[in-house]
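Beneath this line is the structure, given in C-alpha cells, with notes to follow.
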There are 4 protein chains.
Amino acid sequence: MEELAQHCIDLLASRGVSIDDIADCARYLQSDYHVDLKKEELVESVLSVISKREAQFAIVTGIEMDKVAEQHKMDDKVLEAALLRDEPLFGVDEVLAYGICNLYGSIAMTNFGFIDKNKYGIIAKLNEAGKSTGVCNTFLDDIVGAIAASAASRFAHRWIKK
Amino acid sequence: MEELAQHCIDLLASRGVSIDDIADCARYLQSDYHVDLKKEELVESVLSVISKREAQFAIVTGIEMDKVAEQHKMDDKVLEAALLRDEPLFGVDEVLAYGICNLYGSIAMTNFGFIDKNKYGIIAKLNEAGKSTGVCNTFLDDIVGAIAASAASRFAHRWIKK
Amino acid sequence: MEELAQHCIDLLASRGVSIDDIADCARYLQSDYHVDLKKEELVESVLSVISKREAQFAIVTGIEMDKVAEQHKMDDKVLEAALLRDEPLFGVDEVLAYGICNLYGSIAMTNFGFIDKNKYGIIAKLNEAGKSTGVCNTFLDDIVGAIAASAASRFAHRWIKK
Amino acid sequence: MEELAQHCIDLLASRGVSIDDIADCARYLQSDYHVDLKKEELVESVLSVISKREAQFAIVTGIEMDKVAEQHKMDDKVLEAALLRDEPLFGVDEVLAYGICNLYGSIAMTNFGFIDKNKYGIIAKLNEAGKSTGVCNTFLDDIVGAIAASAASRFAHRWIKK
C-alpha cells in the first residue's frame, strides 16, 4: 500500500469513515443495475480511487479544512462561520468533490449529484453529525460521496468490459 | 428576444419540449426548499439559461446529433448505433450537459445528477420515447435536464440574495 | 488492440492525424520538464488515452460533427455555418475536449489551455487547413489537443512515481 | 458594494494583489484580439467575477489555506509540506481555480491554462515570492489566474454582442 493512500485511509478512519462504509455507498449507487451486488465487491474500486494522487490531495485538503474550522483556528471568521453552518451556497466542497469525480467520467458526476441529494448510509450520518455544535463535516460528506460515486463508475465501466 | 435564443426555443418545441415543461422540471428540483413554488416562477430562469451563448450552442449541437442519427445520415455507423440504442457508457451527452450546468455552479451540477437518475416529467417522457424505433433523444433528455438544473440553481442563488 | 480504439486510430488517420503527430504535441507539452524527451516515449500514453471509453466516444462524435458540417448534411444551417467558420464563441468543441482532459486531472486541463492558444505541430496544421473552403476541423484540433494534453499529464504523473 | 465582495478585495489586497493587477492579467489574455486594450477597460469584468458567490468562497478558501500553511497551523503535516513546497502534482489549487473559470465557460478555461503556464505580471510575482521560506502562494496564484481568465472571457463575450 502506497504511503499517501494509507495516510488517507487513516485520516478517513479518524473522522469515522471506513472503507467499508464507502463501499456500501458505492454498492447503493449500483444497486439498480446489480440487485445482488455485495459491498465487498466494491472495495477494490474504492481503494483504486484512493490510490490516485489528485484524489488523495482532495481528501486531505477537505478534511483539513473541516478540522481547522472545528478548532476555530481560521484567520477568516467569515469562512469559518460558513463552514460551521454548512452554508448551502458555499460550493467549494462540491468543487473539490468534482475534482475527484471528473477523473472517473460522466457516470461518476451524475452518481455524485444523486447521492448528494439522496443522502445514504455514512453520508447521511456525517451530514447529521455535522449539525451538532463543534462538529464540521462540510467537506467530508462530499469527499465521501465523491469517492463512492467514482468507485461505482469504475465498477460499471469494468463490468461492461467483462 | 435575441435571434439564437428564439432558434433554440423553436428547435426544442419541434422536438416536443416547451419552456413550460422545462420550468416544471426546475420547479421539481427546488420543491424541497419551496413547497409552494409554481412552475411559472421558474420561466424567467429557464429563458435566462437559454440566452447564454454557450448554452445555445450546446442545445443546437445536441439536437442536431439526435436528428442526424435518426435520419441514418452518419458516416460513422458505430456512433450512429451507440446513439440509437442510448448506450449507457456513451457519456458525451452528459459532457455537453455539464457544459451548460458548469455556467451555473455546483448546485446546477448536483441538480443535474439527481434529475438524470430520478427522471421526472418531460425528461421521463423523452427517455421513454427514445426507446421506440426511429426516435433518438439521447442528447435531448440530458440537454433538457441541464437547462432545468441550471435554471433551478439560478433561482436558488437569487432567492438567497433577496 | 481493442476494437473501438482501433476505430478511433483509423478515423484520426483518415483526417490526417497520426499517433506520432499527437505524441509529438504531448512531448512539446512536457519539454520544459524533460529537455531530451523523444516523442516515441509518449506513444504509450497517447494509446492509453485512446483506450478509454469516454475518450473514444468524444473522438468519434467530434470527427462526425466536422464531417457532417463539411458535407452540408446538417438540418440546422445556423450550426453548420458556425462550424464551417470555426466560430470563436462556439465552445462545444472545447467542452468535448475537456470531457477527455478531465479524466487525466488538472495538469491535463492546463496543458490543453496552453496548447489551444500556443498551437503547435499538427494542431497548427489542422487549424490552418480548417480555414480552406470545404474543410472543417473545428472539433478535430481540440480533440487532438485534448489527447496530447492528457497523454502529457499521464506521463508526468508516472514519471514522479518512478 | 456587496459585503462579501469587499471582503475578498480586502483579502486579496492583504496578500499583495490589487484589482488593477488582475485587470492587467485579463488585458494580457485579450491582447491578441484587442491590441490597444487598456487594463482600465477590464476592471468592471474583474469586479463582476468577484461579485459571484461561488467565486467569493473559492477566493477566501484558497487564501485561508495558504495562510494556515504559512502559519504552520495545519494538523496534517503532509498537506502542509505539499503546500509550502508548491508540489506540482497537488492539483487542488487548480481544481479551485476551475470552480471559478467554469462559471465563465470554455474560453475562461483555456485562458486559465495559458496564463498558468505563461505566468505574467502579478502571477509571476506571486509564484516567485512563494519560493521564499515562510511564504505560501500555492492557491493564490491560481485564484488570481482564474479571476483574470474569467474576466477576459466575460469581456470577450460582451464585445461580440456589441
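Just so it is clear, the structure is predicted and the values come from calculations on it, not from any experiment. The chains referred to below are lettered A, B, ... by the order of the sequence lines, with proteins before strands, and numbering in each begins at 1.
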Where do B/D75 and C/K67 come nearest, in terms of heavy atoms and distance?
OD2-CE, 3.2 Å

Considering residues, nucleotides and ligands other than B/K125, do more than 12 of their heavy atoms fall under 6.0 Å from its NZ?
no

Residues, nucleotides or ligands: over 12 heavy atoms within 6.0 Å of B/K117 NZ
yes

Looking at chain B, which one of C/M65, C/E80, C/E94, C/E54 has the largest number of heavy-atom pairs inside 4.5 Å, strictly under?
C/M65

Is it the backbone or the side chain of C/V68 that comes under 4.5 Å from a heavy atom of chain B, or both, or neither?
side chain

Most contact-rich option vs chain C, by heavy-atom pairs under 4.5 angstrom, among B/V95, B/L11, B/D76, B/L96, is B/D76

Answer yes or no: are there more than 12 heavy-atom neighbours, outside B/E40 itself, under 6.0 Å from its atom CD?
yes

Side chain from CB out, backbone as N, CA, C, O: work out which of these in C/E87 comes under 4.5 Å of a heavy atom of chain B, or both, or neither.
side chain

Who wins among C/T61, C/V78, C/V60 for the most heavy-atom pairs under 4.5 Å with chain B?
C/T61

Which bit of B/I63 comes within less than 4.5 Å of chain C, counting heavy atoms only: side chain, backbone, both or neither?
neither

Smallest heavy-atom separation, B/F57 atom then C/L89 atom, equals CD1-O, 3.8 Å

Side chain / backbone / both / neither for B/Q71 at chain C, heavy atoms under 4.5 Å
side chain

Has C/K73 got a side-chain atom pairing as donor or acceptor with B/K73's backbone, closer than 3.5 angstrom?
yes

Can you tell which of B/Q56, B/E64, B/M74 has the highest number of heavy-atom pairs within less than 4.5 Å of chain C?
B/E64

Between B/L83, B/L4, B/L79, B/N102, which shows the greatest number of heavy-atom pairs under 4.5 Å with chain C?
B/L79

